[in-house]
Number of protein chains: 2
Amino acid sequence: MVSEQKSADVSFESLLRIFTVPEGPDSTLTQIEAKLSQNLNEFLREHIVAEEKPLKEIEKSFSNPAIPEEPQFVSDHTEHLLDTLVAHSVHTSSPSFIGHMTSALPYFLMPLSKIMIALNQNLVKVETSKAFTPLERQVLGMLHRLIYNDSESFYSQWMHSAQHSLGAFCSGGTVANITALWVARNNVLRADGDFNGVEKEGLFKAMLHYGYKGLAVLVSERGHYSLKKAADVLGIGQEGLISVKTDADNRLCPKDLKTKIAELKEQSIKPIAVVGVAGTTETGNIDPLEEMAAICQAEHCHFHVDAAWGGATLMSNHYRHLLRGIEHADSVTIDAHKQLYIPMGAGMVLFKKPDVMNSIEHHAQYILRKGSKDLGSRTLEGSRSGMAMLVYAAMHIISRPGYELLINQGIDKAKQFAELISKQPDFELVSEPELCLLTYRYIPEAVKCALEKANSADKAELNNLVNELTKFIQKKQRETGKSFVSRTRLNPNQWDRMAVIVFRVVLANPLTSFDILESVIEEQRDIASQAPKLLGRIMDLTNQIIHS
Amino acid sequence: MVSEQKSADVSFESLLRIFTVPEGPDSTLTQIEAKLSQNLNEFLREHIVAEEKPLKEIEKSFSNPAIPEEPQFVSDHTEHLLDTLVAHSVHTSSPSFIGHMTSALPYFLMPLSKIMIALNQNLVKVETSKAFTPLERQVLGMLHRLIYNDSESFYSQWMHSAQHSLGAFCSGGTVANITALWVARNNVLRADGDFNGVEKEGLFKAMLHYGYKGLAVLVSERGHYSLKKAADVLGIGQEGLISVKTDADNRLCPKDLKTKIAELKEQSIKPIAVVGVAGTTETGNIDPLEEMAAICQAEHCHFHVDAAWGGATLMSNHYRHLLRGIEHADSVTIDAHKQLYIPMGAGMVLFKKPDVMNSIEHHAQYILRKGSKDLGSRTLEGSRSGMAMLVYAAMHIISRPGYELLINQGIDKAKQFAELISKQPDFELVSEPELCLLTYRYIPEAVKCALEKANSADKAELNNLVNELTKFIQKKQRETGKSFVSRTRLNPNQWDRMAVIVFRVVLANPLTSFDILESVIEEQRDIASQAPKLLGRIMDLTNQIIHS
């Protein structure tokens with residue numbers, strides 16, 4: 001069971017060893033860890049097989065539902081993990097993998113993570129976390145200040161107050177969004193007269209008491225799918241998630257927001273929250289937060305901003321104006337594992353007012369006693385790890401100006417890439433970058449002309465073929481393993497809101513050079529030429545349209 | 001910014017270095033990591049200050065809400081973390097810290113965790129996790145088989161099916177319990193005729209459609225507080241969480257369960273689930289799962305078992321009979337970060353039937369497309385880390401018989417400790433260990449006699465004083481830092497259901513020796529003598545009662 005032994009056995013002594021004897025300096029696991037520490041990128045390049053193995057094939061290595069009856073040596077199992085798991089994982093830190101919202105991690109976070117894991121604190125209560133609790137409260141305070149910039153006395157009064165929380169640290173943006181809407185729902189349906197509040201009496205009685213026929217959350221068509229999940233979980237129903245129209249730049253139309261709210265009122269449907277998006281997942285655009293905040297204020301409606309991805313832009317003095325109005329939000333979601341370069345599992349939701357989370361407060365006898373500073377009394381999750389430590393360390397080691405550089409380089413690079421794409425006769429920029437995200441597709445010039453000229457039936461047919469080509473290129477590029485962009489489906493105004501499949505690129509990795517971007521385009525053009533049949537059909541239809 | 005530099009600066013070059021240049025072998029961070037790898041217990045013993053610093057004092061180190069404008073050297077910041085954070089964290093792996101549900105971690109998990117963090121996969125979709133997705137499905141399959149022991153063909157048919165899930169991996173037991181009740185709620189209030197289901201139309205319309213006046217979840221008085229949170233989030237309301245009576249051994253009374261269900265029916269309140277507890281948090285007892293399953297079957301009600309802590313007992317062929325009936329549960333919660341010795345953040349919920357989770361299925365355009373094997377389409381959380389890798393590795397390296405030894409030693413040790421306590425004239429065992437958890441208190445023999453003899457007013461007064469003493473001992477012991485037990489409040493039958501504060505001990509750490517247990521008792525007796533005033537009041541009242 002321990003690598004130094006000659007054969008794996010199951011005895012109490014061998015078990016004690018796995019708790020007391022670390023892997024020796026020559027053990028396979030230690031050596032792998034050392035290699036990974038010396039050069040992560042090289043390690044992954046060496047160990048991840050470039051060409052993608054079909055999922056069906058990979059599944060064969062993970063098909064046994066029986067828990068092994070024989071222990072395995074650590075070294076043997078480590079080899080097994082390298083071959084079956086690491087070899088077929090995603091090289092997330094590669095500078096040519098520009099399709100994800102996560103990118104490279106700063107080196108110092110790897111050893112720090114190990115320390116965090118070894119300490120194994122549980123943030124649900126002070127008793128199992130001690131200094132980690134004030135640390136997490138400080139991290140929440142830092143993010144709160146980044147958004148709301150309240151006074152010194154505000155933070156000294158509330159940051160460590162047992163009866164208050166400036167927000168909640170959680171596993172990710174989805175839980176953060178659910179938490180924000182949970183708080184908003186409970187505040188709308190709060191105790192009133194002889195009604196004890198939705199948290200006690202439930203949603204049905206709350207609706208009867210307040211006389212509402214339904215509840216609603218309003219968000220632009222580009223809102224994140226997690227809001228649909230939140231509407232389901234919270235009993236609002238997905239139909240209560242009202243889509244507000246967007247303009248040509250994928251930003252919510254305030255006029256339509258007002259219309260939708262008025263329509264809901266007429267039907268006695270109560271809007272519990274309006275959600276502004278600060279960095280849509282698909283196009284990276286930011287809603288007009290200031291106008292939305294004003295509308296919410298007039299309507300006395302909770303204003304939540306989903307800045308899971310784009311919130312880190314506040315670190316940049318140069319670009320933070322793009323999120324103007326976020327300081328009026330009642331709550332804001334930010335994921336540190338996106339543009340704050342923290343490992344997976346670091347979401348946060350911040351609340352403007354320190355007492356607003358009291359609507360979801362919970363207590364128990366053996367934990368979260370009243371008056372305790374246990375963070376668990378106002379979180380959706382229970383037991384949680386000390387991830388906040390990594391955010392804290394990165395804030396100190398990188399510092400605000402360091403983050404500003406990272407944010408700025410991403411946005412500037414996206415602008416450069418957009419320019420590069422615009423210069424290619426056979427590519428089309430579909431959405432301009434507002435932050436470091438843009439979408440585009442491969443479409444030969446003649447095809448573009450034909451698509452503009454075609455009647456609606458031909459237009460749809462030709463566009464469908466181009467969509468197929470985009471899908472083919474994206475899949476093939478991913479499978480080849482040299483570079484990776486993601487894809488999504490948009491309804492751009494310039495194509496009369498036809499469904500257009502696009503490549504989606506996120507330029508957060510500071511190691512992604514302009515050369516790499518040029519080669520990504522080159523590779524896509526090359527892959528397109530590897531689909532002669534599909535390309536032939538596209539060109540035939542194009543010629544037909546042009547000569548008709 | 002990087003430790004090799006002479007001074008920290010903020011330039012794009014220095015930023016690139018934190019992504020490309022690892023900490024050198026002589027850097028402070030590398031050295032700390034090495035020390036921790038060589039001997040975690042010693043490292044923590046050396047670095048965690050024994051005597052507890054008041055939280056108010058610790059907070060001073062974490063009081064600045066400003067994100068630093070100056071970068072810090074990695075080495076300087078690491079020193080700072082050692083002094084302010086590690087020094088005042090909890091020594092969770094100490095063999096004399098026997099009050100938490102988490103204990104020591106096997107050594108091999110530390111380097112493996114670092115590899116997991118460095119890979120930074122996102123389990124929400126195959127595209128960002130590849131082999132991690134089938135691996136997680138296999139881990140869920142292993143736990144499913146451990147509970148339900150279905151046939152080989154069952155697992156080969158469903159484990160990797162895109163349209164099915166055997167369960168969900170999540171951050172912890174709370175999310176697991178919420179997920180189970182979410183599924184149960186959505187299945188009870190499913191689409192029917194022209195009603196599109198609660199997930200689409202929301203809870204209010206669902207109740208009107210089905211004609212229910214309320215919803216309920218039934219659980220014993222000893223149910224975990226997370227269920228109250230779940231009832232709130234899901235719109236059921238905390239008043240819909242119905243407490244069922246327990247017997248002298250803290251196990252749910254089936255008779256009272258039947259009565260409660262009948263009462264609910266009379267009021268047109270629909271029970272969406274009955275929850276059995278397999279290892280109550282406070283006393284470690286297991287509900288009569290077989291009888292509860294039969295009742296649920298007769299009532300066509302979802303039967304959920306919260307085995308967050310006790311579920312690992314299924315690894316022991318010797319003790320798994322204690323959970324008999326769990327195989328009839330529709331869903332089961334198990335936390336791998338409790339008795340499976342995995343670091344914080346590894347919860348799971350398993351479902352007996354592979355299609356039951358479809359009631360919470362979600363899709364989007366750019367992710368979780370229909371037919372994909374993306375795990376995110378049936379989880380409450382969105383982005384998630386690759387924690388399942390650690391469960392997978394531990395299953396292989398420790399193996400089922402290894403886990404059996406760990407479970408058995410814990411239960412056997414708890415029985416020995418119970419015997420030791422029973423032999424002390426000045427201690428009282430309050431709850432017998434069924435698994436490796438027990439509760440007791442310090443109470444001199446004369447006080448016990450007086451308490452038995454006293455009239456009800458004196459009884460209450462004396463008991464309150466003893467409660468104060470128990471609190472004092474527990475707090476003082478924790479603050480002294482040599483050993484740690486937790487505390488809770490019970491209403492034991494032997495004391496006519498008076499509120500009795502008790503020490504709570506969980507004996508999962510294989511390094512906890514009998515000598516340590518003896519010294520914990522010794523220390524408690526010694527601390528009691530340090531409260532002469534309180535002890536004096538207790539003895540005065542005792543004498544008064546005895547001589548009255």
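The structure displayed is predicted, hence computed values, not measured ones. Naming convention: chains lettered A, B, ... in sequence-line order (proteins, then strands); numbering from 1 in each chain.
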### Where B:D232 and A:R185 come nearest, the two heavy atoms and their spacing
O-NH2, 2.7 Å
### Task
Please determine, among B:S385, B:A66, B:S113, the option with the most heavy-atom pairs under 4.5 Å with chain A.
B:A66
### Query
Under a 4.5 Å heavy-atom cut-off, does chain A meet the side chain of B:H160, its backbone, both or neither?
both
### Query
Of the non-hydrogen atoms in B:S37 and A:P22, which two are nearest, and what is the gap between them?
O-CB, 2.8 Å
### Task
Please flag which part of A:H396 lies under 4.5 Å from any non-hydrogen atom of chain B: side chain, backbone, both or neither.
both
### Query
Would you say A:E201's side chain and B:E239's backbone share a donor-acceptor pair under 3.5 angstrom?
no
### Message
Using only atom types and a distance under 3.5 Å, with no angle test, would you say the side chain of A:K229 pairs donor to acceptor with the backbone of B:E381?
### Response
yes
### Task
Counting only heavy atoms closer than 4.5 Å, note whether B:L40 contacts chain A via side chain, backbone, both or neither.
side chain
### Message
Heavy-atom cut-off 4.5 Å, strictly under: side chain, backbone, both or neither for B:L55 against chain A?
### Response
side chain
### Query
Within the distance-only criterion (no hydrogens, no angle test), does the side chain of B:Q121 pair as donor or acceptor with the backbone N or O of A:V90 below 3.5 angstrom?
yes
### Part of B:Q409 within contact of chain A (heavy atom distance under 4.5 Å)
side chain
#### Entry: Structural part of B:L44 lying under 4.5 Å from a heavy atom of chain A
side chain
### Query
At what distance, to the nearest 0.5 angstrom, does CG of B:L29 lie from CE of A:M110?
11.0 Å
### Task
Would you mind checking which part of B:L105 comes under 4.5 Å of any heavy atom in chain A, side chain (CB onward), backbone (N, CA, C, O), both or neither?
both
### Message
For the OG1 atom of A:T78 and the CD1 atom of B:I115, what is their distance to the nearest 0.5 Å?
### Response
7.0 Å
### Message
Keeping A:Q138 on the side-chain end and B:N64 on the backbone end, is there a donor-acceptor pair under 3.5 Å?
### Response
yes
### Query
Between B:P510 and A:L16, what is the shortest heavy-atom contact and its length?
O-CD2, 3.5 Å
### Query
Does B:M389 reach the side chain of A:L85, with side-chain heavy atoms less than 4.5 Å apart?
yes
### Query
With distance as the sole test, does A:S89 use its side chain to make a donor-acceptor pair with the main-chain N or O of B:K130 at under 3.5 Å?
no
### Query
Which bit of A:D150 comes within less than 4.5 Å of chain B, counting heavy atoms only: side chain, backbone, both or neither?
neither
#### Entry: Pair A:Y392 + B:F62: ring centers closer than 6.0 Å
yes
### Summary
Looking only at B:V86, B:T128, B:T30, B:L81, most heavy-atom pairs under 4.5 Å shared with chain A are made by B:T128
### Task
Check each atom of B:L36 against the heavy atoms of chain A and say whether the ones under 4.5 Å are side chain, backbone, both or neither.
side chain
### Message
Does any backbone or side-chain atom of B:K53 lie under 4.5 Å from a heavy atom of chain A? Answer side chain, backbone, both or neither.
### Response
neither
#### Entry: Interchain contact, A:R137 with chain B, by part (heavy-atom threshold 4.5 Å)
neither
#### Entry: Contact class of B:M387 relative to chain A, heavy atoms under 4.5 angstrom
neither
#### Entry: Within-4.5 Å side-chain heavy-atom neighbours: B:Y107 and A:V21
no
### Task
Check whether any side-chain heavy atom of B:H144 lies under 4.5 Å from a side-chain heavy atom of A:P65, and answer yes or no.
no
### Message
Quick check for you: among A:K56, A:R478, A:K373, A:E152, which has the greatest number of heavy-atom pairs under 4.5 Å with chain B?
### Response
A:K373
### Message
Shorter than 4.5 Å, heavy atoms on both sides: which option in A:L234, A:N120, A:N39 has the most such pairs with chain B?
### Response
A:N120
### Query
So how far is it from B:Q72 CD to A:M395 CE, rounded to the nearest 0.5 Å?
14.0 Å
### Query
For the atom pair CG (A:L203) and CG (B:L215), what is the distance rounded to the nearest 0.5 Å?
9.5 Å
## Note on the structure
Assert top hit (heavy-atom pairs under 4.5 Å, partner chain A, pool B:G141, B:G382, B:P111) equals B:P111
#### Entry: A:T133, part contacting chain B, at a heavy-atom distance under 4.5 Å
neither
### Task
Measure distances from B:L406 to the heavy atoms of chain A and classify the residue's part below 4.5 Å as side chain, backbone, both or neither.
both
#### Entry: Max heavy-atom pair count under 4.5 Å with chain B, selected residue of A:E404, A:M101, A:R384
A:R384
### Query
Do you know which of B:L135, B:I236, B:L109 has the most heavy-atom pairs with chain A at a distance under 4.5 angstrom?
B:L135
### Task
Say whether, by atom type as modelled, one donor and one acceptor occur between the side chain of A:T92 and the main chain of B:L119 under 3.5 angstrom.
yes
### Query
Looking at A:F12, A:F43, A:Y155, A:W182, which has the largest count of heavy-atom pairs under 4.5 Å with chain B?
A:W182
#### Entry: Under 4.5 Å from a heavy atom of chain A, the part of B:S61 involved
backbone
#### Entry: Close side-chain approach of A:P134 to B:E59, heavy-atom, < 4.5 Å
yes
#### Entry: Minimum heavy-atom distance A:P68-B:M142, with the two atoms named
CD-CE, 3.9 Å
### Message
Let's test your reading of the structure: which of B:T20, B:D335, B:L112, B:N509 forms the most heavy-atom pairs below 4.5 Å with chain A?
### Response
B:T20
#### Entry: Segment of A:Y341 engaging chain B (4.5 angstrom heavy-atom cut-off)
side chain
### Message
Report which part of B:T102 has an atom under 4.5 Å of a heavy atom belonging to chain A: side chain, backbone, both, or neither.
### Response
side chain
### Message
The test is side chain to side chain contact (heavy atoms under 4.5 Å, CB included); show your working for B:M207 and A:M207 and say whether it passes.
### Response
CA-CA 11 Å; B:M207 301 292 278; A:M207 301 293 276; over 6 Å; no
### Query
For B:H77, is it the side chain, the backbone, both, or neither that has a heavy atom closer than 4.5 Å to a heavy atom of chain A?
side chain
### Query
Do you know the tightest heavy-atom contact between A:P71 and B:I397?
CB-O, 3.4 Å
#### Entry: Heavy-atom contact with chain A under 4.5 Å, split by part of B:V198
backbone
#### Entry: Contact class of A:E69 relative to chain B, heavy atoms under 4.5 angstrom
both
### Message
Please report whether the ring centroid of B:F204 lies less than 6.0 Å from that of A:Y212.
### Response
no
### Message
Does B:I398 form a side chain to side chain contact (heavy atoms under 4.5 Å, CB included) with A:L15? I'd like the steps, not just the answer.
### Response
CA-CA 8 Å; B:I398 299 177; A:L15 269 180; 4.1 Å; yes
### Task
Mind ranking A:G214, A:G237, A:C170, A:G386 by heavy-atom pairs under 4.5 Å with chain B and telling me who comes out on top?
A:G237
### Region of A:L380 in contact with chain B, defined by heavy-atom distances below 4.5 Å
both
### Task
Look up atom OG in B:S383 and atom NE2 in A:H337, then write down how far apart they are to the nearest 0.5 Å.
4.0 Å
### Message
To the nearest 0.5 Å, what is the distance between CD1 on A:I67 and CZ on B:R400?
### Response
8.5 Å
### Summary
On a heavy-atom basis, the closest approach of A:P343 and B:I117 is CG-CG2, 3.6 Å
#### Entry: Pick from B:I58, B:T174, B:V233, B:V175 with the largest number of heavy-atom pairs that fall under 4.5 Å of chain A
B:V233
### Query
Can you say whether A:M159 sits under 4.5 Å from chain B via the side chain, the backbone, both, or neither, judging by heavy atoms?
side chain
